[in-house]
Amino acid sequence: MIDLIKQCITMSIPLVLIALAGFFSERGGVINIGLEGKTLLACFFAVAFSSRFGPGMGLCLTIVATSLVSLLHWLLTQVYRMDHIISGMAINLLAAGATSFFKFKFAPDGLDDAHSPPKMLLYALGIIAPALLWWLSHKTRFGLQHRSAGSDPDKARLLGINPQGIRFMGLIGTGVLCALAGSLLIAETPQFTDGMTSGRGYIALAALILGGWRPVNAGLACLLFGAASALQIQYNGQYIPSEAWKSLPYLVTLLAIAGFLGRNRTPAGLGKP
Amino acid sequence: MVRVFLLLAKLLIRCISSGRDFALKLYRAQRSGDLRKLFHATVLGLAGSILLVASLMVAGANPVSAISQLLTGSVGSASAISGTIREMTPLLILGVSVFLALKAGLFNIGAEGQFLVGSCFAAATMLAVGGPLGVVLGVLVGAISGGLWALPAGYIKAFRNGHEVITTIMLNNIAVNLTKWLVSGPFKGEKAVSATTATLPINSQLTPLIKIGQFELPQAVVVGILLTVGVGYWLTKTTSGYELRAAGANPTAAEFAGVKTKQVTVKAMFLSGSIAGIAGALQIAQFEHRFYDGSSVGYGFDALGVALLAGGNPYGLFASSFLFGALNKGGTSLMGLGIDKGITTMVLAIVIIIFAAIKYRQRGGQND
Amino acid sequence: MNLAVEMTQISKRYGDVQALDQVSLAVEKGTIHALVGENGAGKTTLMKALYGALIPDSGLIRLNGDRVTLKSSREAIAQGIGMVSQHYGIIGELTNLENLILGAENGPVLTPAQNEQRAQELAQQMGFEFDWSAESSTLSPAGGQKLEILKLLWRNSQIMILDEPTAMLSPQDSDALYASLKQLAASGTTIIVVTHRLPEVFEHCKRVTVVRGGCLIADHEVAEVGATQLAEEIVGGSVIERPTPVSSASGVTSLAVSDLEVKGDKGQVAVKGISFDLKAGQLVGIAGVDGNGQRELFHSIIGYAKPIAGSITLNGDSWIGASIGERIIAGLRVIPEDRHHEGVIEDWTLFENSSLGLQRLAEFSNIGAGQAELAPRMAEKFSTKHGGLNQKMGSLSGGNQQRFVAGRALEIYPKLILAFQPARGLDLNSTTKVYREIRRRCDEGATAVIVSFDLDELLDFCDRILVMNHGELYEPKPEEARDRTAIGRLMVGAA
């Protein structure tokens, strides 16, 4: 039982961080298919920086570097007005290529314990993050304007709000949270391998949608998905094929998008300039 | 201690907000038209090339030898060209699939999943029926299963207002698990150790259409070419193709013109999925001769790039799928120089970014 | 007299159009002042100048006696000016409280309890009731309008500009709204109402200013002017004797509409149970000020909007349940209001656009051949200027796009021609050509319905004129059928 809970936390907290990273961009109106790539890059940065500068500095540099990548996304979607989906896919592709290409040079070995990112801190952050983001989103000026930019950028503009500026900050938030998620994955498996995020970016996106683009609900959806995979690992295909377990999050999300699980809460301004 | 922390925090906020101000200036300059198309094409192209060359140098490789290896590895010999065509074949057919959906205003990121489902069921059919008839039936089953796999995305887009990108991503992941389960259970070959079907009998394997020495022209690529021409003709010369393009180009105007845009969306998604399924079936019959877990190495995602680079012209698919095929094939040969093939993925990503930044831009919005 | 707003000799020119020509406006503090006029009279332009949304070419603005220059809305807001435009500024996904404070928050951290308290006070002061934590998507049109006014109060606006505030409200809601506005005025707020509804002016406003064609026409104490005079000033007495267009209308009913009810995009009932019969050969104009249900009527005849009640038949065939495509095959041809979104595909060539909407007709059974044959004729018809039919539609000017769209609608045997402002962006010569062609089609047995905000245009070309006001349809008395003033009165609800 303890194992199961442990397993569940290990599986879900990285998802929580990635899903909330998605919240930062999507609720402000930027469609983010690029979570997978950003997290993958964050894993790479975490190994590359932590092995040289130690865990503390390594984490900081990872955050800075991932935020810069996230701002590249801002540049493409908001300044170059590139299609949000194409730019997200391109970032995933770029991340997959670059990390694979550079891993022998910069992240060839695993991290030893002395260089491993601060695991407990990251878990703690992951646990409080949904509440923190709820507060930020509902109790602060930034949060309100952020939601207005995601719901109707044109009307927000009429009220003197600059959606592009708000989204800039939002994408920094995305970068920071992806960096935390990537560092956490590295803290658990201290070696960088190609495609090590193994679709977590997409599952997190699913959780965000299932949670109706609300931080606490998205966090709960991640917990649900995490629990499902923990159960799958525990009972490895004993009762139900493990593939069915793995498909469950996607299937549930599909139903949610189709509006069979309550009303569609897609922010109306998603993807609008 | 607290004061130092506060000071640092203040500094950080200052830093971020001045960064934002600079970025917004850039945004305004861009919006007011100071940066012209040509200008940012050049800037992006230069930045991309510098990034690539720098990457190679940082990784300790010689850019010149890397590029020449890439060229010889992909088009330098008859066997290299055959390899490139082999890589190109699924990309071309999947490119047609994505292209068709794109014309209807849909991003079919689900080509990957439709390809997997199509090839899995096609393989099972070919094995069950056997012989040339099995191949024909297999392709048919591949088309139908691929189309059905895409159908939920079309339906949800048309009638439940759910974005097709998200639904097809979900369907892709389900497809991976479904096919994995199928080939490790019901469809598993009798003597197979890993998750794979049995190998097709010889009389169900498609032979190359032309074989001259090392050079091989597979039948599948010919089917791909015919499909491209056929879809191109259908889109431009027929009423239903015209209506599909209208629905994709301007849904409101199409609706006013009497096009039932919702039905068109569902139909386009089904057709796109069917073509992806055909790609899967042919991949089995021509090249793989069996279906196994991990059959697709992300062809569906590359196909999105192939279709985008075609730039609205179906015949552009030939060039773009060839480019992608050459990069895939050449990338593998870079391994010989100790250069990871990740660099070719980076090339693709950068090409897509540059192209999309010029061609696929949003309109509307206001200046502020 | 204590003047809150004094605008003196404001002029504004857009290209060739003099939108405002030395217009002056003086508004007394603590009153409700009406600004009336037809579409395009310059009401909104004048108010935008006051709101800082545009900078006039010349003229002075004084607020409470002090001269000001307003370079942006931000500056106007800082001066205590607030505007509720017709484009609804409420975001449905936020709560009412959030919408109220959005853009005017007290600080980086919100204080919901405090905010709600102040919101509640403001609402009580106005006699409004709001569930502050409910999402604004649940608001009725009236509720939305009230929230907009509270938004201005939240921003401490002393001068409020309301653009057609009752356009989407029922009479009861309108009365309630004006009651609150009067209360506000009594407490010292100055209110400018842009409207075209004369009953509202007479019932609720103290002074009224009339503009027409960008010029100031009159300025009255409401108590000192009559409805007939005001209506005449708004539409202008025409001195030109115009011949009644000759109609070849037969006695056969073609388009029949009965008890039609249609909802608008904000959920209000925009067309309120109207009925009419049109004969084959008639060229019918629907007059009215923008936003009185013409758009919804138009969309429901096309088949783009589903009516909630009533019937539409063409030559006896019911069109309820018929798709747009079926109606087109039956002979429907449309010149839509918004050609960018509804009429053309700008990324396509003129050739490709020539079959848009007609693609299921026999002429286009071979689509390429049909385009090659018909596109030149469509472009020719109203002399669309283009650099080859392979040119993209988007590279044509608005007027030329309109010429092409009109040519396309009139090319292949129309039975029912629906046109929304068909002369938009056209010069007088082309306008005449378009109407002449419509008339020729009517003489061949088609029926045409033209929605236009330009009464003179309708009087010049239509043989029958109907008027829409507030979702209802009116037909002038037979003896007044060509009487500009009488029709004008119907348009502004003063009959």
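A note on names: the letters A, B, ... follow the listed sequences, proteins ahead of strands, and every chain is numbered from 1.
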Given side chains that start at C-beta, do those of B:R160 and A:I257 come closer than 4.5 Å, heavy atoms only?
no

Crowding at CE, B:M335 (>12 non-hydrogen neighbours, <6.0 Å):
yes

Chain B contact via A:L251 - side chain, backbone, both or neither, heavy atoms under 4.5 Å:
both

Heavy atoms of A:M82 and B:A356 approach each other most closely as CE-CB, 3.6 Å

CH2/B:W181 to OG/A:S247 distance, rounded to the nearest 0.5 angstrom?
10.5 Å

What I'd like to find out is whether the side chain of B:V58 reaches to under 4.5 Å of the side chain of A:F102, using heavy atoms alone.
yes

Of the backbone (N, CA, C, O) and the side chain (C-beta and beyond), which part of B:S184 lies under 4.5 Å from a heavy atom of chain A, both, or neither?
side chain

To the nearest 0.5 angstrom, please state how far the CE atom of B:M170 sits from the CG atom of A:L205.
5.5 Å

Given heavy-atom pairs under 4.5 angstrom as the criterion, report whether the side chain, backbone, both or neither of B:I109 touches chain A.
side chain

Is B:L304 in contact with chain A via its backbone, its side chain, both, or neither, using a 4.5 Å heavy-atom distance?
side chain

Heavy-atom contact with chain B under 4.5 Å, split by part of A:I203
neither

Distance check, rounded to the nearest 0.5 Å: B:N173 atom CG versus A:L248 atom CG?
13.0 Å

In Å and rounded to the nearest 0.5 Å, what is the CZ to OG distance from A:F101 to B:S55?
6.0 Å

Chain B contact via A:Y202 - side chain, backbone, both or neither, heavy atoms under 4.5 Å
both

Taking atom CG of A:L76 and atom CD1 of B:I353, what is their separation to the nearest 0.5 Å?
5.5 Å

A:L75, part contacting chain B, at a heavy-atom distance under 4.5 Å:
side chain

Can you find a heavy atom in the side chain of B:F107 that is under 4.5 Å from one in the side chain of A:I86?
yes

Is A:L270 in contact with chain B via its backbone, its side chain, both, or neither, using a 4.5 Å heavy-atom distance?
neither

A:E243 vs B:L182 side-chain heavy atoms within contact, under 4.5 Å
no

Report the distance from atom CD1 of B:I174 to atom CG of A:L254, rounding to the nearest 0.5 Å.
5.5 Å

